[in-house]
Amino acid sequence: MERKIRVLVAKPGLDGHDRGAKVIARSLRDAGMEVIYTGLQQTPQMIVEAALQEDVDVIGLSILSGAHMTLLPKVMHLLAEQGMDDVLVVAGGIISDNEAAVLKADHGIAEIFGPGASTHDIVRFIQAHALASRD
């Protein structure tokens with residue numbers, strides 16, 4: 001039996017809106033993934049520590065606070081320090097196309113899902129890319 005994809009869903013920073021993160025977490029769970037939701041107001045250090053302890057394949061970061069250009073690169077830096085470069089990191093929230101391009105090209109975020117992104121598309125992306133990183 002193949003191991004389920006393990007996904008950590010986290011809300012970095014002082015963002016107090018978690019409805020979207022909970023919808024995504026439920027969609028991933030319903031698609032057969034094992035989901036760990038860390039809750040609101042997580043620091044990058046807390047997120048990386050949880051990812052390390054839970055041995056996750058994927059980190060999904062939900063951010064609406066506007067601090068994505070500071071917090072998401074910090075998460076990626078801390079993952080690299082822990083030797084966790086193989087963890088797929090995706091993000092969702094209010095992020096401009098230009099900033100999304102920088103986060104992907106310069107910081108290693110695999111994909112950015114904006115408002116209106118389909119849960120089906122998010123599930124498919126994670127399934128395709130998390131499974132590819134296991135090979």
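Few gaps surround CZ on Arg124; more than 12 heavy atoms of other groups in view lie less than 6.0 Å from it. For Asp106, the CG atom sits in a packed shell: over 12 heavy atoms of surrounding residues, nucleotides or ligands are nearer than 6.0 Å.
Nearest heavy-atom pair across Ala67 and Ile63 is C-CD1, 3.9 Å. Of all heavy-atom pairs between Ala80 and Asp85, the closest is CA-OD1, 3.1 Å.
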Notebook entry, point to check: Are Leu103 and His68 close enough, and set up right, to give a side chain to side chain contact (heavy atoms under 4.5 Å, CB included), and what steps lead you there?
Noted result: CA-CA 9 Å; Leu103 289 168; His68 49 272; 4.2 Å; yes

Next item on the list: Evaluate the side chain to side chain contact (heavy atoms under 4.5 Å, CB included) criterion for residues Lys4 and Met33: first the C-alpha distance (whole Å), next the side-chain angles of each, then the deciding distance (0.1 Å), finally the verdict.
Entry: CA-CA 5 Å; Lys4 290 183 177 185; Met33 297 179 208; 5.8 Å; no

Note to self: Set out, in order, the CA-CA distance, both residues' side-chain angles and the distance that settles side chain to side chain contact (heavy atoms under 4.5 Å, CB included) for Ile122 and Glu111, then state yes or no.
What the structure shows: CA-CA 9 Å; Ile122 296 167; Glu111 188 59 81; over 6 Å; no

Notebook entry, point to check: Between Gln53 and Glu49, does a side-chain hydrogen bond (donor to acceptor under 3.5 Å, both in side chains) hold up when you go through it step by step?
Noted result: CA-CA 6 Å; Gln53 289 178 4; Glu49 183 62 30; 2.8 Å; yes

Next item on the list: Please report the C-alpha distance between Leu78 and Lys74 in whole Å, then the side-chain angles of each, then the deciding distance to 0.1 Å, and finally whether the side chain to side chain contact (heavy atoms under 4.5 Å, CB included) criterion is met.
Entry: CA-CA 6 Å; Leu78 292 170; Lys74 180 69 173 172; 4.1 Å; yes

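To the nearest 0.5 Å, the span separating CD1 on Ile112 from CD1 on Ile94 amounts to 12.0 Å. To the nearest 0.5 Å, atom CG of residue Leu40 and atom OG1 of residue Thr38 are 8.5 Å apart. Remark: Met84 CE to Met76 CE distance equals 10.5 Å, nearest 0.5 Å. If you take OG on Ser27 and CD1 on Ile126, they are separated by 10.0 Å, rounding to the nearest 0.5 Å. How far CZ of Arg26 is from CG of Leu28: 11.5 Å, rounded to the nearest 0.5 Å.
A donor-acceptor contact shorter than 3.5 Å links the side chain of Lys11 to the backbone of His17. Under a 3.5 Å cut-off, the side chain of His129 and the backbone N or O of Phe125 do form a donor-acceptor pair.
Hydrophobic clustering (ILVMFWY, side-chain heavy atoms < 4.5 Å, transitive): Ile109 and Met69 are in one cluster. Under the 4.5 Å side-chain heavy-atom criterion for Ile, Leu, Val, Met, Phe, Trp and Tyr, Ile47 and Ile95 are members of the same hydrophobic cluster. Clustering ILVMFWY residues whenever any of their side-chain heavy atoms sit less than 4.5 angstrom apart, transitively, puts Ile24 in the very cluster that holds Tyr37. Under a hydrophobic-cluster definition in which Ile, Leu, Val, Met, Phe, Trp and Tyr are linked whenever side-chain heavy atoms come within less than 4.5 Å, directly or via other members, Leu71 and Val58 are assigned to different clusters. Hydrophobic cluster membership differs between Val90 and Ile59, with clusters built from Ile, Leu, Val, Met, Phe, Trp and Tyr side chains linked at under 4.5 angstrom.
Shown are Val9, Leu8, Leu72; of these, the side chain to side chain contact (heavy atoms under 4.5 Å, CB included) with Leu61 is made only by Leu72.
Under a 4.0 Å N-O distance rule, the pair Glu34/Arg6 qualifies as a salt bridge.
A heavy-atom distance below 4.5 Å is not found between the side chains of Ser65 and Leu14. The side-chain heavy atoms of His107 and Pro73, taken from C-beta on, include a pair separated by under 4.5 Å.
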